[in-house]
Number of protein chains: 2
Amino acid sequence: MSEPKTTLTDAVHDLLRKAIIEQALKPGMRLPEDTVGEQFGVSRTIVRHALVRLEHEGLVVTRRNRGAFVAEPSRDEAQHVFEVRRCLENDVIRLLCERMPSNGFDRLQAHVRQEEAVKGKDGPVSIRLAGEFHVLLAELTGNPVLTRYVSEVVLRCSLIMSLYARSHSSDCAVDEHSQIIEAIRAGNAARAIGIMEHHLGAVAGRAELASEPDSIQSILSHYGKELAS
Amino acid sequence: MSEPKTTLTDAVHDLLRKAIIEQALKPGMRLPEDTVGEQFGVSRTIVRHALVRLEHEGLVVTRRNRGAFVAEPSRDEAQHVFEVRRCLENDVIRLLCERMPSNGFDRLQAHVRQEEAVKGKDGPVSIRLAGEFHVLLAELTGNPVLTRYVSEVVLRCSLIMSLYARSHSSDCAVDEHSQIIEAIRAGNAARAIGIMEHHLGAVAGRAELASEPDSIQSILSHYGKELAS
DNA sequence: TGATCGTCAATTGGATACAATTTGCTTGAT
DNA sequence: ATCAAGCAAATTGTATCCAATTGACGATCA
């Protein structure tokens, strides 16, 4: 069997996270355990474990005896997440200016090329790539702890954007990504951090309206196809 | 109802965490689900959920079909945790210099008095209080996300100290805590951060010069030379 | 008519039972 | 004596089952 080395819980966890980040599951949407389990063809136990993790990551909230919901970060919460993200990402930049690995710039530029390939489109792929750039930066520091935290706040920011931003329009984002790379390459930490601050500030700045939801089953059935074993 | 508002999972989670931090459960120790559940009078389901969270917090590691163990951070991991901790705590200081809440200094000084009360003793209480000072600092920023992350790295540092440091002897620590408070009160962020860096550096430094047991690979590679035949 | 209380369906919280996987040990052959 | 193969015990992975809590609808009474 080509069975995956990972557990079912991991699979469901990843799928749900992906669905949330890509805005298929919108903030506030209910996530009943048996509905989800039914759609994915697994038992409630699995879904529960996945939901526990997602709650820990701040992507879902659970109310006692009420069930799980996709998180709806308030503006205050959003502010707090962005504050931590700035702190972490500035440190990432600082560290990379000291110890960028040899193949670091190649990997970064390859990623930017990917981003440019989907430039202009506002789809889920664009959102995912924009986030992954920052995670890649964190990875290059060689610090898994830092990478995990950056990963979490970036994911939460994606969720926040889906709530408050009217458009991801990553045009400027990609440009700024390139600028950050160049500033790091020049060893100019101050400038790189400045751009990053501006970059995040611009992202945080966009905060306006949202849209209306879709049925849970249809969404999950779409994502569940990957689980067909 | 005198029933607790929290769920059983939370209780077990807290208990296990406390036990790990206080070194009742030592690094590397096995945590079989049914044994733990038996001891606490709950089912495996609960223990499992708690273990999932603890793994997410980096206090336990789980191996597929092998079970959960109290984490044994390598020196590299320790380094990574300390690196993130410096980053986060420096930001805490920076934020507090801008917006310390009105009763902040009172709470901080009350805490330091507690620490001084157990000064000299190397028991679990001393370890816990030393960590809680830093969590309290983070709380005063009013940022729950930041507080959670600081909390996590501080806990992991406690675990690391229990592995590598020969003594917590928090004599200097308490002094430095007071110094940090005063620097913040003076609005001197640079000085406060400097003290914090020194404080954490001292803590991390103690971890360096302690016992030796680390990665299996290094041990095996050392002993393996004698086997090369 | 409106508010309050009681019953009921829905859903989660928790426990138990079963299956799959790993590990250690025994046993046998070289 | 060493090593390999296979069997058995222990432990986790997963599913199902029962109980407890919540929210809503509807009946009753002021």
Side-chain angles (χ1 to χ4, degrees), chain A residues 1-16 25 28-57 59-72 213 215-217 219-220 224 226-229, chain B residues 1-16 25 28-56 59-72 216 220 223-224 226-229:
Chain A
M1 303 293 232
S2 59
E3 287 303 311
K5 263 318 193 187
T6 88
T7 144
L8 272 181
T9 303
D10 293 328
V12 173
H13 177 216
D14 288 346
L15 246 48
L16 284 177
L25 296 171
M29 196 172 266
R30 285 205 60 208
L31 299 172
E33 293 175 359
D34 41 8
T35 302
V36 176
E38 205 171 290
Q39 286 292 329
F40 286 152
V42 299
S43 128
R44 274 182 51 213
T45 312
I46 309 299
V47 180
R48 267 182 80 131
H49 286 142
L51 290 176
V52 165
R53 295 197 204 171
L54 288 168
E55 181 182 28
H56 203 98
E57 293 172 2
L59 293 181
V60 313
V61 295
T62 64
R63 292 219 215 289
R64 187 179 168 76
N65 290 315
R66 288 287 325 268
F69 305 77
V70 179
E72 288 180 288
S215 114
I216 292 208
Q217 282 92 342
I219 297 169
L220 293 184
E226 304 182 15
L227 260 187
S229 46
Chain B
M1 324 304 185
S2 59
E3 283 307 306
K5 269 305 197 192
T6 96
T7 165
L8 270 180
T9 303
D10 294 327
V12 173
H13 179 214
D14 288 346
L15 246 49
L16 283 177
L25 298 172
M29 198 171 266
R30 288 206 58 206
L31 298 172
E33 294 176 358
D34 43 7
T35 301
V36 176
E38 212 169 282
Q39 285 292 327
F40 287 138
V42 299
S43 129
R44 276 183 49 212
T45 313
I46 309 300
V47 179
R48 232 173 133 69
H49 281 147
L51 289 177
V52 165
R53 294 198 204 168
L54 288 168
E55 180 182 29
H56 204 97
L59 293 182
V60 314
V61 295
T62 66
R63 297 173 118 78
R64 187 179 166 75
N65 289 316
R66 286 291 322 272
F69 304 78
V70 179
E72 292 179 284
I216 292 260
L220 293 187
Y223 282 89
E226 306 179 9
L227 268 182
S229 55

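Note on naming: letters A, B, ... go to the chains in the order of the sequence lines (proteins, then strands), and numbering restarts at 1 for each one.
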Could you list, one pair per line, each protein nitrogen or oxygen that sits under 3.5 Å from a nitrogen or oxygen of nucleotides 13-16 of chain C, together with the distance?
unit_1: C/dG13; atom_1: N7; unit_2: A/Arg44; atom_2: NH2; d: 3.3
unit_1: C/dG13; atom_1: N7; unit_2: A/Arg48; atom_2: NH1; d: 3.4
unit_1: C/dG14; atom_1: OP1; unit_2: B/Thr7; atom_2: OG1; d: 3.2
unit_1: C/dG14; atom_1: OP1; unit_2: B/Leu8; atom_2: N; d: 3.3
unit_1: C/dG14; atom_1: OP2; unit_2: B/Thr7; atom_2: OG1; d: 2.9
unit_1: C/dA15; atom_1: OP2; unit_2: B/Ser43; atom_2: N; d: 3.1
unit_1: C/dA15; atom_1: N7; unit_2: B/Thr45; atom_2: OG1; d: 3.0

(request) Report yes if some heavy atom in the side chain of A/Val60 is under 4.5 Å from a heavy atom in the side chain of A/Leu31; otherwise report no. (result) yes
(request) Return the value, rounded to whole Å, for the distance between atom CG of A/Asp10 and atom P of D/dG13. (result) 10 Å
(request) Figure out the CG/P separation between B/Asp34 and C/dC18, and round it to whole Å. (result) 16 Å
(message) Can a side-chain donor-acceptor contact be found between A/His56 and B/Glu55 if the only test is distance below 3.5 angstrom?
(response) no
(request) Kindly compute the distance separating CD (A/Glu33) from OG1 (A/Thr62), expressed to the nearest 0.5 Å. (result) 9.5 Å
(message) To check you understand the geometry: which heavy-atom pair defines the closest contact between A/Arg30 and A/Arg66, and what is its length?
(response) NH2-O, 3.3 Å
(message) Any salt bridge linking B/Asp10 with B/Arg53? Criterion: basic side-chain nitrogen under 4.0 Å from a carboxylate oxygen.
(response) yes
